[in-house]
Amino acid sequence: MTRIFSGITPSGHLTLGNYLGALRQWVAAEHSPSDALFCVVDLHALTVEHDPARLRRLTRQNATLFLAAGLDPRRCTLFVQSHVAEHTRLSYLLECTATDGELRRMIQYREKAAKAEAAGQGVRLSLLTYPVLMAADILAYAADEVPVGEDQRQHVELTRDLAVRFNQRYGHTFTVPKATLPTVGARVMDLQDPTSKMGKSSENTAGIVYLLDEPAVITKKVMRAVTDSGEGGVVYDRATRPGVANLLDVLAACTGGDPEKLAEGYAQYGPLKRDVAEAVVELLRPLRERHAGLAADPGEVERVLREGAERARAIARPVVDRAYEAIGLLAP
Ligand code: TYM
């Protein structure tokens, strides 16, 4: 059976990008014969400036959204990273496998470090080792597949490299995982700045559709999305018309169509935007409705997370114990 692992960092409210790039794939995976674990990776949220009370709130809210998106705790394991000590236990062994050079080459590290420096904040050491902890998340569960959006591809590649290197040096210990990306929606762009990714920690919220935005707010954000002059009609070209291409991608991801073919059905941007807004509102409607019910019962979410952590521990512990032995540490 295929083992699947993926996670989301509780660094902000979840966005349409998180849903189309990751969450929606997770829900689909749950219905194929697989053994899946999904995690709110709270330790990763500590790698940049954070507020403790907000982190607790977002961790709970992200977990609630996992359920609201349709993940069923009877078919998969849902848990919080810091509840399972195996992640940090394994991370140290992988820090002894990775090199400083390969971590400094990570695109996200370079972007986030530059941002922290520009804001006059120190760059936390954990920001550099972040992809190693991510590799530990994946390898501790012997995951075969990691459903993620485009921006995490490089981190999964590093995970593969570390698994292969460890196996070559110390004997076969880890399953070498692969990233799985959706065909459309793997990189949803910011509606106000379509050359940047729609990110949950971006400051300009006008360009971001949050999963819990009211329908009227979603419509307003989509109708105000940045496009070009519109001369020459509606065409799909990511390089020269990133704003329109993004809208077509989102429409395709919501309706299951092909962005280039969808473009042929429009002569102007107005009707395209209206259809995108409607498709997004409809896509997120069931999630919003389920979230309202779940938020009223926080005890249920806590129970799911407690049981999930137990199941996760039982899977990860023997894998991490084997790695400790393989690398030469004396069993206690
Ligand atoms: P994070 O929290 O930034 O994003 C969670 C997931 O959402 C995807 N995603 C997007 N997909 C399409 N368009 C976008 N605009 C967009 N923004 C985000 C991400 O690709 C991701 O799949 N490092 C990870 C969390 C992590 C993880 C792991 C993932 C930690 N350990 C182990 C998989 C396996 C992160 O910060 O994702």
Side-chain angles (χ1 to χ4, degrees), residues 3-26 29 36-48 50 55 58-59 61-63 65-66 69 79-82 84 86-88 90-91 94 106-109 111-112 126-127 129-160 162-163 177-202 207-211 242 246 249-250 253-254 312 316:
R3 169 73 54 73
I4 295 174
F5 180 94
S6 198
I8 285 185
T9 311
S11 52
H13 298 287
L14 297 189
T15 72
L16 181 65
N18 296 130
Y19 186 74
L20 294 178
L23 261 177
R24 190 162 72 155
Q25 292 193 79
W26 303 359
L37 299 108
F38 302 113
C39 186
V40 183
V41 288
D42 53 352
L43 296 172
H44 279 96
L46 304 178
T47 56
V48 289
H50 78 286
L55 174 58
L58 285 172
T59 302
Q61 194 202 57
N62 283 8
L65 279 169
F66 282 11
F79 70 105
V80 173
Q81 183 187 33
S82 65
V84 180
E86 269 46 51
H87 296 244
T88 47
L90 180 56
S91 187
L94 297 176
M106 293 289 119
I107 296 164
Q108 275 205 350
Y109 167 71
E111 286 173 358
K112 289 187 182 176
S126 54
L127 189 65
T129 55
Y130 175 120
V132 176
L133 179 59
M134 177 163 162
D137 298 338
I138 298 166
L139 300 182
Y141 297 95
D144 302 290
E145 291 181 5
V146 186
V148 284
E150 176 65 43
D151 62 332
Q152 296 302 319
R153 196 201 281 271
Q154 193 186 33
H155 290 161
V156 181
E157 281 304 312
L158 176 77
T159 304
R160 290 169 59 86
L162 297 182
K178 68 167 197 280
T180 55
L181 275 73
T183 40
V184 269
R187 190 167 174 79
V188 178
M189 309 307 272
D190 188 297
L191 298 176
Q192 288 299 316
D193 175 12
T195 54
S196 304
K197 174 189 89 161
M198 183 184 283
K200 58 174 129 58
S201 32
S202 305
I208 305 166
V209 173
Y210 296 103
L211 298 186
N246 188 39
D249 276 338
V250 169
C254 292

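Both ligands and their constituent atoms are indexed starting at 1 by order of listing.
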Who gets closest to [atom] by heavy atom: [options]?
atom: atom 13 (N) of ligand 1; options: Val41, Val40, Val188; answer: Val188
atom: atom 32 (C) of ligand 1; options: Tyr141, Phe5, Tyr19; answer: Phe5
atom: atom 19 (C) of ligand 1; options: Val148, Ile208, Asp151; answer: Asp151

Minimum-distance protein heavy atom relative to [atom]:
atom: atom 10 (C) of ligand 1; value: Gly17 O, 3.3 Å
atom: atom 7 (O) of ligand 1; value: Asn18 ND2, 3.1 Å
atom: atom 31 (N) of ligand 1; value: Asp137 OD2, 2.6 Å
atom: atom 23 (N) of ligand 1; value: Tyr130 OH, 2.7 Å
atom: atom 17 (N) of ligand 1; value: Met198 O, 3.7 Å
atom: atom 37 (O) of ligand 1; value: Gln152 NE2, 3.7 Å
atom: atom 28 (C) of ligand 1; value: Met134 CG, 3.4 Å
atom: atom 2 (O) of ligand 1; value: Lys200 NZ, 2.7 Å

With a 4.5 Å cut-off on side-chain heavy atoms, are [Y] and [X] touching?
X: Met189; Y: Arg187; value: yes
X: Asp144; Y: Ile4; value: no
X: Asn246; Y: Val188; value: yes

Of the backbone atoms (N, CA, C, O) and the side-chain heavy atoms from C-beta on, which set of Val146 has a member under 4.0 Å from an atom of ligand 1: side chain, backbone, both, or neither?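 The answer is the side chain.
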
Answer with side chain, backbone, both or neither: which part of Met189 has a heavy atom less than 4.0 angstrom from an atom of ligand 1?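 For Met189, no heavy atom sits under 4.0 Å from ligand 1.
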
Fit a plane to each ring of Trp26 and Phe38, take the angle between them on a 0 to 90° scale, and name the class: parallel (under 30°), tilted (30 to 60°) or perpendicular (over 60°).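 Aromatic pair Trp26/Phe38 classed parallel.
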
Do Thr9 and ligand 1 have an N or O pair less than 3.5 Å apart?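 Yes; the residue has a nitrogen or oxygen that sits under 3.5 Å from a nitrogen or oxygen of the ligand.
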
Of all the heavy-atom pairs spanning [X] and [Y], show the shortest one and how long it is.
X: Ala312; Y: Val84; result: CB-CG2, 4.0 Å
X: Met198; Y: Gly207; result: CE-O, 3.5 Å
X: Val148; Y: Leu181; result: O-CG, 3.5 Å
X: Asn62; Y: Pro10; result: ND2-CA, 3.1 Å
X: Val156; Y: Met134; result: CG2-CE, 4.2 Å

Taking only heavy atoms of [X] into account, list the atoms of ligand 1 that are under 4.0 Å away from them.
X: Gly185; answer: 12 (C)
X: Ile138; answer: 32 (C), 34 (C)
X: Ala186; answer: 11 (N), 12 (C), 13 (N)
X: Ile8; answer: 2 (O), 5 (C)
X: Ala22; answer: 6 (C), 7 (O), 22 (O)

Taking the six-membered ring where the residue is Trp, are the ring centres of Tyr109 and His155 under 6.0 Å apart?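 Ring centroids of Tyr109 and His155 are no less than 6.0 Å from each other.
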
Answer yes when Lys197 and Asp151 have at least one side-chain N-carboxylate O distance shorter than 4.0 Å, and no when they do not.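 Yes, Lys197 and Asp151 are salt-bridged.
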
Between the side chains of Thr59 and Asp42, does any donor sit under 3.5 Å from an acceptor?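 No, Asp42 and Thr59 have no side-chain donor paired with an acceptor closer than 3.5 Å.
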
